[in-house]
Structures are given as C-alpha cells and as structure tokens.
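Chain letters run A, B, ... following the sequence lines, proteins first, then strands; residues in each count from 1.
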There are 2 protein chains.
Amino acid sequence: MKRPTIADIARRAGVSKGAVSYALNGQPGVSEATRQRILAIAQEIGFNPNSAARALSGSTANAVGLALCRPARILGIEPFFMELISGVEAELSARSYALTLQVVADPEAEIAVYKQWWGERRVDGVFVCDLRIDDSRVPVLEELQLPAVVIGGPEHTGELACIWADDAAALGETLEYLVALGHRRIARVGGLPELLHTEIRSRAFAEVGQRLGVEAVTVSSDYTGEEGARATRRLLSSAHRPTAILYDNDVMAIAGLSVAQEMGLAVPGDLSIVAWDDSALCQLTHPPLTALGRDIPAYGAHAARQLLAAIEGKKIGAYQHETAHLTPRGSTAPPR
Amino acid sequence: MKRPTIADIARRAGVSKGAVSYALNGQPGVSEATRQRILAIAQEIGFNPNSAARALSGSTANAVGLALCRPARILGIEPFFMELISGVEAELSARSYALTLQVVADPEAEIAVYKQWWGERRVDGVFVCDLRIDDSRVPVLEELQLPAVVIGGPEHTGELACIWADDAAALGETLEYLVALGHRRIARVGGLPELLHTEIRSRAFAEVGQRLGVEAVTVSSDYTGEEGARATRRLLSSAHRPTAILYDNDVMAIAGLSVAQEMGLAVPGDLSIVAWDDSALCQLTHPPLTALGRDIPAYGAHAARQLLAAIEGKKIGAYQHETAHLTPRGSTAPPR
DNA sequence: TGTGCCTACTCAACCGGTTCAGTCAACATC
DNA sequence: GATGTTGACTGAACCGGTTGAGTAGGCACA
C-alpha cells in the first residue's frame with residue numbers, strides 16, 4: 001500500500017510541494033483559501049508526514065529517549081517506572097512525540113546508548129533516572145549537548161535540568177509522626193546506597209532522628225523483596241529490635257510485613273511499618289500499609305514538559321515537585 | 001557539536017560516499033583493505049549513521065512499536081508488561097532496533113496510533129497485546145500490511161503472526177491438582193471478559209470442572225486489586241463458599257489473600273489460593289502464593305524475534321511458547 | 001508611468017544516507 | 001592484438017520533507 005506524500009497532495013491541489021509544506025505547518029506563505037484546500041486534501045487521503053524525512057531536513061527526531069538501568073525482575077515489580085512512563089507518555093503523545101525505550105545493564109551501557117542515540121539523531125532529548133553522586137552520565141550529556149531532564153536531584157545534576165521532590169522533608173515528617181506515636185527505636189531499610197536520593201534520605205533520617213533524640217538506624221538494601229525480607233529478618237532478630245521500620249519502596253515493605261508475620265509479630269501491635277511509594281500494592285496487604293506517596297504520573301508528565309521545553313531551547317532549571325505525603329493506614333500504631 | 005557523516009569519512013579516506021556506504025554495510029564493491037581503512041576511520045571519529053537518513057532511503061525505520069491499552073494504575077502494578085518489555089528489549093537492542101512505546105486509552109486510539117505510525121513510517125512493525133475476540137485491530141493491521149506479532153492467540157489473529165501459550169492446559173493441570181488435594185468447590189476470579197485469553201481460560205475451567213465432577217464457577221473481574229478483593233468478598237460471603245480460588249493475575253490473588261485474612265479465614269486451612277502470573281510479588285506474601293508462572297522475558301524475546309523475522313519478510317505463523325507451570329507454595333493445601 | 005512593496009506562490013538546494021548505472025584499469029582468453 | 005570479464009570504485013539519482021531565494025501579479029502612491 002502506497003503511503004501518500006506531500007507530492008501527492010501538491011499534485012491534487014495544483015500547487016508546489018513547498019506550498020503544501022507551508023500550509024500543513026501553519027507557516028505564512030499561502031492564502032487562507034489554499035491552506036484550507038490543502039488541509040482538506042491531506043485529511044481526505046489520510047496523510048501523515050514521513051517522520052524520517054522530517055527528521056532529516058528539520059533536524060528534529062520528534063522522539064525522546066528513556067534508558068532504564070535495572071534488572072528485569074526489579075523493573076517489573078516496581079510500579080514506579082511504569083507509572084512514570086504513563087505520565088511521560090500522556091504529555092508526549094499530546095505533542096506527537098514518540099518515546100523510545102531501552103533497557104540497559106549498567107551506567108556504562110547507558111552512556112553508550114546516549115552516544116548512539118545522539119549520533120544517530122534518534123532522539124531529541126533524554127530522561128535520566130536513578131541519579132548517582134557524581135554521576136558519570138551528567139558530563140557526557142553536557143558534552144554531547146543532548147537536552148536532558150534528570151529525574152532526581154537537585155544536586156549533582158551539573159548544568160542539566162531536573163525535577164525533584166523534597167524527600168528529606170517527607171522523611172522528617174514521617175519520623176516525627178512515628179515518634180509522636182511513641183516509637184523510640186526506628187529502623188529504615190534503604191534503597192541502593194549509590195543512588196543520590198538514597199543518600200539524601202539516609203542523611204535526613206539520621207539528622208532528624210538525632211534532633212528528636214531517638215534511635216534511627218539505616219540498613220542498606222536493593223529494592224528487591226528478597227533483600228528487604230533479609231534485612232527485616234536481621235533487624236527483628238536483634239535483641240534490641242526496632243518498633244517501627246520505614247522501607248524505601250513498597251516491595252520491600254510488603255516483604256517486611258510478611259517477615260514480621262512469619263516471625264509471629266503483630267503489625268502494627270509489635271511493629272509499625274511505613275512504605276515509601278504508595279502504589280496500589282500497599283492497599284492489598286493485610287493490614288494495609290501506611291505509605292508515603294505522591295502522584296507519579298504527574299511527576300512524569302512534568303518531567304516531559306521540562307524536556308520538551310529544553311528541546312525547544314528554553315533555559316530550564318530545577319523544578320520542585322510536590323513533597324510526598326503520608327497516608328496513614330493500618331500498619332502504624334503506638335508501640336505496645 | 002557537529003556529528004560526523006559518511007561524507008566526512010569519505011573525505012578522510014579519499015573515496016566516495018558510496019564506497020563508504022558499501023564498506024560500512026558489509027556490501028561487496030570495495031576491497032578488503034579499503035573496507036578496513038574506512039572502518040577504522042569510522043571507529044576513530046565515532047561515527048553513527050543518522051537513523052533518519054537511513055530510514056528515508058532504506059525505507060526501514062529500525063524501530064518497532066508497542067501500544068499499551070491499560071490505565072496507568074494497572075500498567076504500573078502488573079509486572080507482566082515490564083517483564084515483557086525487558087525481554088523484547090534484550091532481543092531488539094542486540095540487533096540495534098529501537099522500541100517505541102505508546103500508552104493509549106482504548107482500542108480505537110490504538111488503531112489510530114497504528115495508522116499514524118504506518119503513515120509516518122515510524123516503525124517497521126508492532127506488537128499487539130490483549131487480543132480480543134474478533135479484534136478490530138487485526139483487520140486494520142492486515143490492510144496496512146504492517147508486520148505484526150500478536151501476543152496471544154492462536155485464534156482470532158487473522159493472517160498475523162502470533163505467539164501463544166496453552167492456557168487451557170495449564171488451567172486443567174491446576175484444577176486437577178486442586179481436586180487431588182480434595183477440593184470440590186473451586187472458584188475462579190477471571191480477568192477482563194472481553195479478552196480472548198480470559199475466554200479461553202473460562203471455557204477450559206468450566207470444561208475441566210465438569211469432567212472432574214466438581215463445582216467450578218468463574219466470576220469476572222478487571223485485574224485490579226480493588227475488584228479482586230470485592231469478588232473475593234462476595235465469594236467468601238456466600239453460604240456455599242469455595243474452598244479454593246484461582247485468580248487470573250497475581251495482584252488480584254494478593255488482594256484475595258488479604259480479604260480472606262480480614263474475614264478470619266486461614267490460608268491455606270480454610271481457603272486455598274492460586275495466582276496466575278508468578279511474579280516476585282507471590283513470594284512476598286504470607287503465606288507465599290502457589291502460582292502458575294512462565295518465563296515472561298523469554299516470551300517477550302521470542303515475540304521480538306518473530307517480529308524481526310516478519311519484518312524481514314519471512315512467512316511467520318503461530319509459535320507456541322512453554323505452557324505455564326504450577327509452583328506450589330504455602331497458599332494451597334487440602335481443605336479442612 | 002515608474003517605483004516600491006506586499007502577497008502568494010514556485011523552484012531548487014539540502015538533510016545524509018542507499019543504490020544503480022557507469023567507468024576504468026588490470027588481467028585472462030583465444 | 002582484439003575481446004571479454006572482473007573488481008574497485010565514482011557519480012548521480014533518490015527517499016520526502018523543509019526552507020531560503022526568486023518571481024509574477026496586484027495594489028498604492030508620487
């Protein structure tokens with residue numbers, strides 16, 4: 001089946017290719033009557049501009065890239081990325097930008113993908129997830145001058161735009177809530193320690209704990225259920241076990257809940273549990289989990305708007321998204 | 001920063017653009033010595049072919065599309081799609097194909113996306129998920145002659161290639177297992193009834209139940225935890241309540257487990273639970289869920305191989321993937 | 001009537017690859 | 001020595017848009 005081109009439209013309208021291009025793109029240079037005629041023909045024959053031809057002459061790919069650097073089993077189980085993608089997509093498709101996705105094994109591979117995308121002109125910009133401290137991807141993107149929005153920050157992003165949320169504040173609020181309930185020994189099962197937001201949370205957790213005069217220990221984990229369960233088992237086996245545990249994602253929190261039950265501890269009676277990331281999963285457990293949540297699709301949509309603005313050459317800085325808020329459910333209570 | 005083109009390479013190598021193209025693509029027409037020289041220069045200056053130029057002249061976009069038609073909150077919570085994407089990606093990136101993702105609201109919008117992609121030549125082929133009975137997308141793709149692989153089937157796929165698994169067999173096996181344990185009243189909380197695989201499972205469930213002479217009722221749901229919980233509550237409130245429930249996905253199974261516990265029923269003592277889709281979630285609950293699983297990334301990888309073959313013009317039919325197998329865990333036992 | 005200026009176009013180059021039709025030298029064959 | 005044949009390469013057209021330069025016709029104004 002032959003795809004219609006602007007030449008076909010031009011022939012039918014009795015004008016030149018250039019006139020058709022002006023008409024379709026809302027540029028001046030054609031009369032209103034001709035523009036309407038051309039638009040009608042385009043509509044009638046179901047014309048869509050060839051994206052490659054457009055990219056080649058217009059030098060814009062009309063696509064943005066997202067490279068995800070997590071193993072398949074974690075990607076699948078964590079609702080965060082899919083919700084983010086949904087939000088990003090909503091914004092992109094409204095402006096008929098495509099989203100190109102690539103799963104990579106490590107940050108080096110991710111850098112290679114950026115270089116390839118840049119060289120191939122496959123994307124006009126990229127999202128950068130899981131920011132690390134002194135992230136090696138940042139200088140590469142700066143040098144390539146590939147528009148980018150870091151999802152995270154606001155530090156260590158170099159000259160790149162970013163979108164971030166005040167995790168430290170959310171964490172402080174949560175800790176205050178637990179202390180107000182009467183908890184004095186509170187643990188946190190953190191995410192991958194090399195990630196910047198883990199570092200930010202760990203620092204805030206320690207500082208607020210000290211300020212409130214309570215024990216606040218963080219143990220590192222990797223977002224998987226297995227590791228979350230193992231960390232919980234270790235915490236709950238200590239002589240001086242915590243009365244509340246805060247988890248850096250919902251998957252680990254659910255694993256932790258399961259471990260507590262397996263060890264015969266009542267939740268929330270013997271142990272209070274708080275999850276970071278309030279996906280629908282948190283309401284499926286028994287008891288449902290108290291969780292720190294925010295609107296992830298909206299976060300993604302905002303990131304997409306930032307990136308599109310950056311691609312248009314606007315000077316973009318750091319944008320602060322809403323702080324996560326605590327939704328108390330059945331998994332938190334005063335300690336017995 | 002200027003991107004290198006084949007003209008740059010040609011100039012440095014002292015040959016024409018055509019020769020460079022032959023050399024880079026492993027075509028005959030250049031001597032081995034010249035080929036090596038050109039390859040070395042390309043390597044040195046970090047050349048990547050402009051994907052738009054390639055698409056424009058070669059008429060292949062080097063990208064495939066996946067349109068997902070589920071609301072954000074379900075997409076996020078169901079590990080299936082992300083695992084599928086991981087598998088697809090692994091195969092595609094090895095052949096340096098890109099994956100273009102789009103989230104759509106309904107099948108009509110999905111058809112519009114296919115038409116747009118086709119018109120824009122943005123993708124060389126697409127994956128079709130969530131096949132329905134007499135799916136309206138199938139004839140559209142056939143007419144566009146856009147290579148496609150249906151993930152599901154093997155019926156109602158028209159002339160399109162597909163990859164499928166024998167859900168009916170897996171379901172029969174599971175039902176036999178539950179009956180062998182001593183269950184006589186078994187319920188199933190099914191997925192969206194308009195989807196073909198739901199229909200296939202429902203039919204198999206009824207047939208095998210009849211063959212084994214046990215009560216086997218299916219109630220419809222929509223894959224969400226909320227609906228799964230509601231259906232479970234209804235089932236467990238009936239005078240003649242089932243002693244085992246089979247859920248069409250893991251999220252509903254987890255919700256069901258939670259409802260059972262909330263109603264004071266012991267799992268597996270009073271109620272056995274089996275989940276379809278064995279993601280890591282199933283091992284996080286207490287007790288862990290007996291589940292029907294298969295290797296989803298491998299499924300995705302195979303689908304990608306099929307699609308690439310179809311794009312190359314090979315005649316592809318239906319490919320049957322491994323049948324899901326049951327992993328018994330703590331949520332199933334003989335009824336009390 | 002000539003000049004200037006606008007509007008509404010046309011024309012052709014260009015983006016960066018691929019590919020087909022030639023060209024030309026070297027070698028083989030009779 | 002004339003005649004293929006082959007290998008290695010060049011040159012130009014082409015894919016389907018965008019865009020800047022050029023132009024024809026109409027109108028205003030002096």
Side-chain angles (χ1 to χ4, degrees), chain A residues 1-39 41-42 45-63 96 116-124, chain B residues 1-39 41-42 45-63 96 116-124:
Chain A
M1 200 169 160
K2 175 77 173 61
R3 271 161 263 231
T5 69
I6 51 167
D8 298 324
I9 300 180
R11 205 174 314 119
R12 290 181 60 149
V15 295
S16 68
K17 276 169 53 179
V20 175
S21 176
Y22 292 138
L24 293 176
N25 294 302
Q27 303 270 55
V30 281
S31 67
E32 194 50 34
T34 308
R35 186 190 305 278
Q36 291 306 329
R37 192 156 43 92
I38 289 171
L39 252 32
I41 293 172
I45 65 178
F47 171 78
N48 285 103
N50 180 318
S51 61
R54 206 171 214 183
L56 189 56
S57 49
S59 74
T60 151
N62 280 301
S96 57
Q116 192 191 338
W117 279 348
W118 176 84
E120 294 181 342
R121 270 188 172 77
R122 215 183 247 282
V123 300
D124 297 323
Chain B
M1 199 166 159
K2 175 76 173 64
R3 272 161 263 230
T5 70
I6 50 167
D8 298 325
I9 300 180
R11 204 173 314 116
R12 289 181 61 151
V15 295
S16 69
K17 275 169 55 179
V20 175
S21 176
Y22 291 139
L24 294 176
N25 294 302
Q27 302 272 56
V30 281
S31 67
E32 195 49 36
T34 309
R35 185 189 305 278
Q36 289 308 329
R37 191 155 46 90
I38 289 172
L39 252 33
I41 293 171
I45 64 179
F47 171 77
N48 285 103
N50 180 319
S51 61
R54 207 170 214 184
L56 189 56
S57 50
S59 74
T60 151
N62 281 300
S96 57
Q116 192 191 338
W117 279 348
W118 176 83
E120 294 181 343
R121 269 188 172 74
R122 214 182 248 283
V123 301
D124 298 323

Exercise. Can you tell which of T34(A), L24(A), I9(A) makes a side-chain contact (heavy atoms from CB on, under 4.5 Å) with L39(A)?
Worked result: L24(A)
Exercise. For dT18(D), does OP1 or OP2 lie under 4.0 Å from any side-chain N or O of R54(A)?
Worked result: yes
For this session: For R122(B) and Q116(B), indicate whether the former's side chain and the latter's backbone hold a donor-acceptor pair under 3.5 Å.
Result: no
For this session: Please work out if S21(B) contacts a base, only the sugar-phosphate, or nothing of the nucleic acid, heavy-atom cut-off 4.0 Å.
Result: base
For this session: With the side chain of I6(B) defined as its heavy atoms from C-beta on, choose the nearest nucleotide among dC9(C), dG17(D), dG17(C).
Result: dG17(C)
For this session: Give the nucleotide from the list dT18(C), dG16(C), dG16(D) with an atom nearest to the side chain of R121(B).
Result: dG16(D)
For this session: List the steps and the verdict of side chain to side chain contact (heavy atoms under 4.5 Å, CB included) for N50(B) and R3(B).
Result: CA-CA 9 Å; N50(B) 180 319; R3(B) 272 161 263 230; over 6 Å; no
For this session: Find the distance Q27(A):CD to dT7(C):C1' and express it as a whole number of Å.
Result: 16 Å
For this session: Measure the distance from CG on N50(B) to C1' on dG16(C) and round it to the nearest whole Å.
Result: 6 Å
Problem set entry | R37(B) CZ to dC9(D) C1', straight-line distance once rounded to whole Å | 12 Å
Exercise. Does Y22(A) make a side-chain donor-acceptor contact with the base of dG20(D), cut-off 3.5 Å?
Worked result: yes
For this session: Report yes if a side-chain nitrogen or oxygen of S31(A) is closer than 4.0 Å to either non-bridging phosphate oxygen (OP1 or OP2) of dC9(C); otherwise report no.
Result: yes
Exercise. Out of dC15(C), dC15(D), dA8(C), which has the shortest distance to the side chain of L56(A)?
Worked result: dC15(C)
Seminar exercise, completed: Heavy-atom nearest pair, D124(B) first then A61(B), reads OD1-N, 2.6 Å
For this session: Would you check if the side chain of R121(A) reaches a backbone N or O of A52(B) as a donor-acceptor pair within less than 3.5 Å?
Result: no
Seminar exercise, completed: Contact check, residues 10-20 of chain B vs DNA chain C, heavy-atom distance under 4.0 Å, returns K17(B), G18(B)
Exercise. Does dC9(D) have OP1 or OP2 sitting under 4.0 Å from an N or O in the side chain of T34(B)?
Worked result: yes
Exercise. Which whole-number value in Å describes the distance from I38(A) CD1 to dT18(D) P?
Worked result: 12 Å
Exercise. Is R35(B) reaching over with its side chain to a backbone N or O of Q27(B), donor-acceptor style, under 3.5 angstrom?
Worked result: yes
Problem set entry | With sequence neighbours excluded, residues passing side-chain contact (heavy atoms from CB on, under 4.5 Å) with D8(A) | K2(A), P4(A), T5(A), R11(A)
Seminar exercise, completed: To the nearest angstrom, the CG-C1' distance between N25(B) and dT18(C) comes to 8 Å
For this session: Starting at atom CG of L24(B), determine the distance to atom C1' of dT18(C), rounded to an integer number of angstrom.
Result: 12 Å
Exercise. Which whole-number value in Å describes the distance from I9(B) CD1 to dG16(C) C1'?
Worked result: 11 Å
Exercise. When the nearest nucleotide of DNA chain C is assigned to F47(B) and to E32(A) on a heavy-atom basis, which residue is associated with the more 5' position?
Worked result: E32(A)
